[in-house]
Amino acid sequence: MSVNIISTPPNLQAEVNSLLPRLVRSVRAILSLPPPPSADIKPGESSVSLPESFETTSQACHVLVALAHKGQDVYEAVTLEVERAVVAVIKSVSGAGVPGVAWLEKFTIAMEWLDGRISLLRSILADLDTGFVARDPSRLPLRDLCLDIIRKKVYQHGQSISLITEGIREWSKKERANGAQSTGGKLEEDVDMEKTDHRALILRFISVLHIVGYFQSHFLDPYIAHTTDFYTAEAKRLGTSLSPAEYLAHVDRRLNEEHARAKGIMDEPSRKDVLNAAEHTLLPAEITRSLARPGEWILIWFAAAWKVRNIGDIARMYTLYRRVNALDSLRAAFREEMQDCVRNIVTDSSKDDEMVPRLLEEKLFLDRVLIEAFHERPFANTVQDIAKQEEDPESDGQRLFSYAARDAFEKGFLARKRKPAEMIAKFIDHAMRKGQRDEDEETFWRELDSVLGLYRFTQDKDVFRTFYERGLAKRLLLQKSASDALEERVINRLRDGYDPEFGKGNDMFKDIALSRDLLAEYRASKRGGDDKFSAMVLKFSTWPFGKYEGTIGLPPEMSEAIAAFDEFYKLKHKNHKLEWNHSLGTVTLSAQFDSGAKELSVSLYQAVVLLLFQNENKLTYKDILSQSGLKPKDAILTLQSLALGKVRVLVKRPAGRDIGEEDEFLFNVKFEDKRRKIHIPGIQQQETVEETKQIEQAIDLDRQATIDAAIVRIMKGSKKLMDEELKIKTIEALRRHFVPTVQDIKKRIEHLLEREYMDRDEKNHNLYHYVA
């Protein structure tokens, strides 16, 4: 047998015996300590010269293991050399005389170098694994053998554990001490945590620990322990010196820092462990319990954030309360604050005209809070959107704050029943008079939907319908609407998306169309036509106006025009009678001033008063009252609009808002205005107050009749019912229109008992019987 690997000596056995010492010397050289780290020497490299080349050493291992069957000798020799090298490495690091992070850095460099040497040794001595270790499963492969030695000699050594723990503690303490300054309270995604000192070193150190499987015991556990110690002391120090709101803001900032720090160096499970430790330490049981209990300070904190529109603070609250499973407490504070805001707006009677814009502003911010802070979708407005949300299986569980907000709005509206519904209708009336103007169609409908969204919160649907229908009627009759087509589209949207019970609008449009046809026919029937006169013939049942009870002395030409139309109508409809409502009439007058001729657009009442000055320069209030035929209330309002409003075509003497019987009025020939066509609005405030009272009285009467009809219908179907059950069924039957009070229902039950629509049971006075 001849071996041609190293040389060809005459004595083969002697040659084989010399291979093992030479291999050991090479292994020892490979595992020799490098000089202090420098830019020229990387982990795994060494400046020590080798007695044999890597190839020669590898061939020697092959001969000893595969041919000479001395694998056990090589295995034991390599084990001793690795143990010697590991001990030497740890001694050199431990004897460096630098504690803390500085020692951790030297240790990491040494372990990286050692790992590089082991990897090199494994590749050179590959035959040891394949030719010897592989035949006996009880033996450790060379790399696993080396790592096992490192674990026992380094990571299980008391001094090493102590120095590692000290290094981690020093690093984490510096990080946390500078954390608030480095983040400035920003959220984690806004912080460049790579700039933190020693972060790269810790990443390398963790990689070294993962190699030997000691990340949990030698980094994570000490790190969590220091996290607990650090924040326990901080919670004790700041928990009493800061207000609850300030402390929770601090906690949020700290947890963001911890999350960013852990995200940079750990995997997800480890991050959770660290964050859990930080949360439970910063938010101990007593603080968590205080969060879970609704308290005044929570309301104050939330109210302060809401008042200044600070979504960041609100989002921070949400995150903290979610962490401690106290969202119910936060939701209660949110609901109470929202309810207070809505209640304050609704009950502020001095700002009724601003009620809807203020509610819209509140709702707009609320939607942002739901999306950006609470991560929920705002509640739906239209019937269709509500149906879609109800089909969503995640809707209820994921929209608890949305439901709380809806509940707050509904209860806030109840603080002043009827008024929100009235003001929403009047706001839409103003918007419809204005029309789209310069707005694009999408913006107009989006704003309209926002207003109609408020309508969903009111229980007084009948109040809204009444005021909306009255406003619509005035817009149509006084031609104040932007367009009939737009009006019809809005009514359809209102009925289809928000209130299926909304009804009368379409009938009004039919009346208007028929009136226009009738007027065209009337004009065609007269010689030469009379396009100065216009009349609308309307059905009492369709329009929300009662019988006209005013008085007025019309000029002869107006009376003649009315009489002519009346005669024409009677010839066409013999059994019909016209009732003229002059309170809604409009007139266009030509007036001559010193500044020139003007065209005045006025009400019929204003026209009658102004025409009195055709032949008179000056008239007293008594003169005007007697000659116009107006009632005193109507005369005063009309004179105020002409002499005290923005457009003053009359002059009052003496000056002042109150009008006395001897006050004089003069035609203002000095009146000036750049416009040729001028509209003189009537003074509406006092009239609106009285009109509103009349509408409310009409609503009360309608409600009484509606409750009566509902009770009779329920009793007719049930034949007999207990008192409580009848009340519940009545409320449920009327909910789409309004929610009657129990007291109102009691009164109507007594009324129906008196009228013998139903009877009390002789034995049980709480049981009612229907009387056919």
Between [X] and [Y] (judged by ring centroids, cut-off 6.0 Å), do the two rings come close enough to count as a pair?
{"X": "Phe667", "Y": "Phe593", "answer": "yes"}
{"X": "Tyr621", "Y": "Phe665", "answer": "no"}
{"X": "Tyr522", "Y": "Phe568", "answer": "yes"}

Would you mind reporting whether [Y] and [X] have side-chain heavy atoms less than 4.5 Å apart?
{"X": "Pro378", "Y": "Ile371", "answer": "yes"}
{"X": "Val537", "Y": "Phe565", "answer": "yes"}
{"X": "Val587", "Y": "Met558", "answer": "yes"}
{"X": "Phe613", "Y": "Leu650", "answer": "yes"}
{"X": "Thr458", "Y": "Lys417", "answer": "no"}
{"X": "Ser595", "Y": "Lys670", "answer": "no"}
{"X": "Phe738", "Y": "Gln459", "answer": "no"}
{"X": "Ile562", "Y": "His582", "answer": "yes"}

Assess the side chains of [X] and [Y]: does a donor N or O sit below 3.5 Å from an acceptor N or O?
{"X": "Arg465", "Y": "His737", "value": "yes"}
{"X": "Thr620", "Y": "Asp623", "value": "yes"}
{"X": "Glu376", "Y": "Ser402", "value": "yes"}
{"X": "Asp499", "Y": "Tyr455", "value": "yes"}
{"X": "Asn492", "Y": "Arg495", "value": "yes"}

Worksheet item: Does the pair Asp484 and Arg516 meet the rule for a salt bridge (Lys or Arg N to Asp or Glu O under 4.0 Å), with working shown?
Response: CA-CA 13 Å; Asp484 290 355; Arg516 287 171 180 165; 3.0 Å; yes

For residues [X] and [Y], report the shortest heavy-atom separation together with the two atoms involved.
{"X": "Ile512", "Y": "Met536", "value": "CD1-SD, 4.0 Å"}
{"X": "Arg676", "Y": "Ala597", "value": "CG-O, 4.0 Å"}
{"X": "Met508", "Y": "Trp543", "value": "O-CZ2, 3.5 Å"}
{"X": "Met338", "Y": "Ala408", "value": "CB-CB, 3.5 Å"}
{"X": "Arg433", "Y": "Arg475", "value": "CG-CD, 3.8 Å"}
{"X": "Gly553", "Y": "Val608", "value": "O-CG1, 3.6 Å"}

Hey, could you give me the [atom1]/[atom2] distance between [X] and [Y], rounded to the nearest 0.5 Å?
{"X": "Leu472", "Y": "Leu477", "atom1": "CG", "atom2": "CG", "answer": "9.0 Å"}
{"X": "Trp445", "Y": "Leu486", "atom1": "CH2", "atom2": "CG", "answer": "5.5 Å"}
{"X": "Ile636", "Y": "Asp658", "atom1": "CD1", "atom2": "CG", "answer": "9.0 Å"}
{"X": "Leu578", "Y": "Glu567", "atom1": "CG", "atom2": "CD", "answer": "12.5 Å"}
{"X": "Leu370", "Y": "Ile311", "atom1": "CG", "atom2": "CD1", "answer": "10.0 Å"}
{"X": "Ile491", "Y": "Asp496", "atom1": "CD1", "atom2": "CG", "answer": "11.5 Å"}

So, does [X] use its side chain to make a donor-acceptor pair with the main chain of [Y] at under 3.5 Å?
{"X": "Lys618", "Y": "Glu664", "answer": "no"}
{"X": "Gln627", "Y": "Ile624", "answer": "no"}
{"X": "Asp517", "Y": "Leu514", "answer": "no"}
{"X": "Arg343", "Y": "Gly412", "answer": "no"}
{"X": "Arg335", "Y": "Phe401", "answer": "no"}
{"X": "Asn668", "Y": "Arg648", "answer": "yes"}
{"X": "Ser450", "Y": "Arg446", "answer": "yes"}
{"X": "Lys652", "Y": "Pro654", "answer": "yes"}

Worksheet item: Looking at Phe413, is Arg406 sitting on its ring face, NZ or CZ under 6.0 Å from the six-membered ring centre and within 45 degrees of the normal?
Response: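 Verdict for Phe413: no cation-pi partner in Arg406.
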
Discussion item. One thing to verify: whether Arg489 and Glu441 come together as a salt bridge, which I'm taking to mean a side-chain N less than 4.0 angstrom from a carboxylate O.
Written reply: yes

Worksheet item: Given the rule in the salt bridge (Lys or Arg N to Asp or Glu O under 4.0 Å) test, do Lys419 and Glu422 qualify, once you have shown the distances and angles that lead to the verdict?
Response: CA-CA 5 Å; Lys419 199 63 180 181; Glu422 173 192 337; 3.2 Å; yes

Looking at [options], which one forms a salt bridge (charged side-chain N to carboxylate O under 4.0 Å, His left out) with [X]?
{"X": "Glu362", "options": "Arg368, Arg309, Lys307", "answer": "Arg309"}
{"X": "Asp449", "options": "Arg456, Lys363, Arg493", "answer": "Arg493"}
{"X": "Arg418", "options": "Asp700, Asp460, Asp462", "answer": "Asp700"}

Worksheet item: Just wondering, are more than 12 heavy atoms of other shown residues or ligands nearer than 6.0 Å to CD in Glu501?
Response: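 Yes, CD of Glu501 has more than 12 neighbouring heavy atoms, counting only those of other groups under 6.0 Å.
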
Discussion item. For His576 and Tyr569, take the angle between the two ring planes, folded into 0 to 90°, and tell me which bin it lands in: parallel under 30, tilted 30 to 60, perpendicular over 60.
Written reply: tilted

Discussion item. For Asp744, give me all partners under salt bridge (charged side-chain N to carboxylate O under 4.0 Å, His left out), at least two apart in sequence or on another chain.
Written reply: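 In terms of salt bridge (charged side-chain N to carboxylate O under 4.0 Å, His left out), with neighbours along the sequence ignored, Asp744 is linked to no residue.
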
Practice prompt. Give every residue pair that meets the salt bridge (charged side-chain N to carboxylate O under 4.0 Å, His left out) criterion with at least one member in residues 631-645, sequence neighbours excluded.
Written response: Lys633-Glu690

